[in-house]
Amino acid sequence: MLRSSSSISRLPLDFLAYKYFADLNNSKLAVQQSLALIGFINPSRRLCDSLTSEFSFPYDLISSINTCFSVLACKKIHAQVIKTLNYRDGFIGDRLVSLYTKLDHLQYAQNLFDEMPDKDLVSWNSLISGFSKKGELINCLNALYRMRLEMGLGPNEVTLICILSACTDTGAFLEGVYIHGIAVKTGLINETKLVNSLINIYGKFGCLDLARLLFSTMQEPSLVSWNSIILVFVENGVSDEAVRMFNMMKRVGVNPDQATIVTLLQGCGDIGIINLAETMHGYILRAGLDENIAITTSMLSLYSKSGKLDSSKMLFEGMKDPDRIAWTAMIGGYSMHGRGKEAIKYFDLMVKRGLKPDHVTFTHLLSACSHSGLLIEGKRYFDTMSSVYGVEPKLDHYSCMVDLFGRSSCLKEAHDLIKKMPMEPNHGVWGALLNACRISNNVELGKEVAEKLFILNPYDQRNYVMLSNIYSAAGHYNDALKIKSLMKKRGVVRTVGCSFIEHRNKIHRFVVGDRSHQETHGFYLKLDELIKKIEVVGYKPMTKLVLHDVNEDVKVEMIKEHSEKLAIAFGLLVTEEGVPLVITKNLRICGDCHSMAKFVSLTEAREIIIRDVKRFHHFANGLCSCGDYW
DNA sequence: AGGCGTCCAA
């Protein structure tokens with residue numbers, strides 16, 4: 001993998017011109033000609049004149065570099081450096097290397113770097129850092145190799161930190177481990193910041209034990225170390241461990257900061273962490289952090305994830321000066337709850353206030369359109385996002401659009417959009433199309449798409465289940481069975497659907513046909529009673545959804561014991577009249593359970609809120625907030 | 001004097 005020369009291609013003419021003129025002399029003309037030849041500048045009259053008058057080297061140059069936001073300005077400074085032929089003054093060469101990469105000009109950075117005399121470790125780090133920020137891992141490793149080969153230089157902790165960050169960004173686990181090895185060999189493993197990066201990367205790849213081990217070997221973990229290990233646990237869904245670390249850090253006298261709080265708030269949505277939100281809220285108030293915009297935004301987002309959209313809205317309205325992220329969070333909240341019209345309203349309002357939406361804002365906006373079936377609006381925003389708002393559509397946006405077309409039964413449009421994509425579609429895009437095939441009952445295309453997905457993500461059970469459902473719905477039970485055995489053969493495990501409901505500070509968990517709960521007898525009776533009652537007002541079991549080729553009575557029985565229904569029956573059994581039921585489902589809600597919840601909300605006069613893996617469903621008076629569109 | 005770690009929306 002390591003090669004001795006840079007994999008950045010260079011244009012020989014540019015290079016020669018640069019070298020020739022830079023070495024030749026430092027006359028004004030030579031500088032201009034060299035810069036023009038290598039395409040660094042367009043030597044307008046004004047620029048030429050400004051070269052002599054604008055800077056007096058080096059201190060003005062250094063201060064100008066800090067306020068330099070355009071490539072042209074950077075090139076002007078560079079021109080001045082070429083003219084005076086002094087890269088070391090004020091470390092101007094290193095600064096320029098960083099600057100060029102920040103401005104997305106890796107090639108210029110590399111050219112400049114190669115021309116610099118007297119490179120030291122920090123110069124190499126500047127280059128590696130630049131590559132790392134652009135996700136150029138190969139170039140990072142290449143530079144690491146070259147610095148030893150050409151100058152006998154070994155890395156320091158900064159070098160390794162930069163490379164690790166590139167490993168994390170590109171999903172390069174083995175390379176990360178390789179860097180860990182170098183850290184151990186060079187003795188750099190005692191550097192706190194480096195260990196923080198290692199903890200981070202192990203967490204990102206789900207190696208909780210390694211992350212924990214690294215943390216426990218630290219002599220003196222910093223605030224960031226604590227934040228990193230807490231993040232590892234939250235990201236991997238073990239927020240109770242995160243809470244333990246939080247308490248421990250306070251005990252040893254490390255003061256939590258904004259990052260700690262924001263991270264833990266993220267974990268508050270996890271199942272089983274009932275009191276964490278209250279704990280955090282108390283802490284935020286005591287620490288006087290309730291005005292902090294990042295923390296408020298996290299709270300806002302947490303509320304909408306917990307089904308309390310009104311609270312999100314209140315928090316948002318109380319914000320002094322909501323930024324793009326806060327607005328985006330609000331749009332995301334409306335999207336998740338299927339309130340597309342309001343999402344659009346907030347988007348338009350945000351633009352009116354002069355805030356610039358980014359690609360995340362558009363992801364939420366488009367998914368809001370998709371969740372509410374707003375085909376025309378979605379198309380309009382998608383078509384104008386680049387021209388009017390300057391945001392280029394990415395993979396996520398294409399997924400949303402495929403989803404939107406698919407749910408609106410425009411399978412052909414969905415497929416055509418994919419064919420027109422300027423980049424290679426990923427599993428998200430194909431997955432949306434597979435779901436579209438399910439909605440349109442298109443077995444042929446579904447099979448084709450699923451084959452692609454099986455290659456892209458052979459261990460993702462959702463694709464197998466989806467295809468098997470498509471077959472079953474069309475009555476092709478044999479094909480459905482074949483998919484099941486294929487899963488078995490490949491060792492793909494189907495996720496068991498389960499529903500959760502919170503009651504008296506306890507999480508009650510149900511799977512299909514569950515009889516392990518101590519209230520089993522009670523809520524099964526309740527369930528029978530409910531079914532009888534709703535059948536009178538028109539409920540009919542959707543037995544078509546049962547995938548097995550069994551007779552009708554068995555199908556009715558199978559569908560009746562779905563986890564959602566058990567949770568609803570349990571909830572009605574143990575709560576007071578009029579208390580809304582809040583249920584969480586780990587997969588998408590089943591169509592029959594959706595219908596059942598609608599009827600129950602009517603006959604029992606109860607609000608039922610079900611959060612599934614995709615979005616929220618608010619059932620009341622026999623209707624659902626999603627308008628049966630999900 | 002220059003290069004570096006965690007965190008809010010997906």
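A note on names: the letters A, B, ... follow the listed sequences, proteins ahead of strands, and every chain is numbered from 1.
Note: CE (Met245(A)) to P (dC7(B)) measures 16 Å, nearest angstrom. Nucleotide dA9(B) holds its P atom 13 Å from the CG atom of Leu315(A), rounded to whole Å. In this structure, the CH2 atom of Trp124(A) is 18 Å from the P atom of dG3(B), given to the nearest Å. Taking atom CG of residue Leu194(A) and atom P of nucleotide dG5(B), one finds them 12 Å apart after rounding to whole Å. When the P atom of dT6(B) is taken as reference, atom CD1 of Ile229(A) falls 14 Å away, rounded to whole Å. One interatomic measurement links the two molecules: OH of Tyr346(A) to P of dA9(B), which rounds to 18 Å at whole-angstrom precision. Note: NE2 (His359(A)) to P (dC8(B)) measures 13 Å, nearest angstrom. Remark: P of dC8(B) and CE of Met319(A) are 15 Å apart, rounded to the nearest angstrom.
Here Val158(A) lies in heavy-atom contact (under 4.0 Å) with a base. Residue-level contact check: Asp358(A) touches the bases, meaning some heavy atom is under 4.0 Å from a base atom. Contact annotation for Ser222(A): base contact, defined as any heavy-atom pair under 4.0 Å involving a base atom. Counting any heavy atom pair closer than 4.0 Å across all strands shown, His364(A) reaches sugar-phosphate atoms only and no base atom. Residue Ile325(A) is in base contact, counting any heavy-atom pair closer than 4.0 Å across all strands shown.
At dC8(B), none of the side-chain N or O atoms of Ser301(A) fall inside 4.0 Å of OP1 or OP2 (strictly under the cut-off). The shortest distance between the side-chain N/O atoms of Gln266(A) and the OP1/OP2 oxygens of dC7(B) is not below 4.0 Å. Between Ser129(A) and the phosphate of dC4(B), there is a side-chain N or O to OP1/OP2 separation shorter than 4.0 Å. Regarding contacts with the backbone of dC4(B), a side-chain N or O of Lys133(A) is found under 4.0 angstrom from either OP1 or OP2.
When distances run from any side-chain atom of Met336(A) to the nucleotides dC8(B), dA10(B), dG2(B), the shortest one goes to dA10(B). Nearest to the side-chain atoms of Ser228(A) among the listed nucleotides dT6(B), dC8(B), dG3(B) stands dT6(B). Set against dA9(B), dG3(B), dT6(B), the side chain of Asn200(A) has dT6(B) as its closest nucleotide. Looking at the side chain of Val360(A), the nearest of the listed nucleotides dG2(B), dG5(B), dA10(B) is dA10(B). Counting only heavy atoms from C-beta on, Ile161(A) has its side chain closest to dC4(B) among dC4(B), dT6(B), dA9(B). Counting only heavy atoms from C-beta on, Glu235(A) has its side chain closest to dC7(B) among dT6(B), dC7(B), dA9(B). Residue Ser197(A) places its side chain closer to dG5(B) than to any other of dC8(B), dC4(B), dG5(B). You'll find that the side chain of Asn156(A) is closest to dG3(B), out of dA9(B), dC7(B), dG3(B). Taking only side-chain atoms of Lys305(A), from C-beta outward, the nucleotide of dG3(B), dC8(B), dA9(B) with the closest atom is dA9(B). Listed candidates were dT6(B), dC7(B), dG5(B). Nearest to the side chain of Asn227(A) is dT6(B).
In this structure a side-chain-to-backbone donor-acceptor pair under 3.5 Å is present from Asp612(A) to Ile589(A). Remark: the backbone N or O of Cys369(A) is not paired with any side-chain donor or acceptor of Ser372(A) at under 3.5 angstrom. Looking only at distances, no side-chain donor or acceptor of Ser239(A) sits under 3.5 Å from a matching main-chain atom of Ala242(A).
One can find a donor-acceptor pair under 3.5 Å joining the base of dG2(B) and the side-chain atoms of Asp120(A).
Ring centroid separation for the pair Trp327(A) and Phe347(A) does not come in under the 6.0 Å cut-off.
With 3.5 Å as the limit, one finds no donor-acceptor pair spanning the side chains of Ser126(A) and Ser123(A). Ser625(A) and His617(A) share no donor-acceptor pair across their side chains, judged by distance under 3.5 Å alone.
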Open item on the list: Determine whether Phe246(A) and Trp226(A) satisfy the following criterion, ring-ring contact (aromatic ring centres under 6.0 Å, His included), listing intermediate values before the conclusion.
Closed with: CA-CA 8 Å; Phe246(A) 176 58; Trp226(A) 284 100; over 10 Å; no
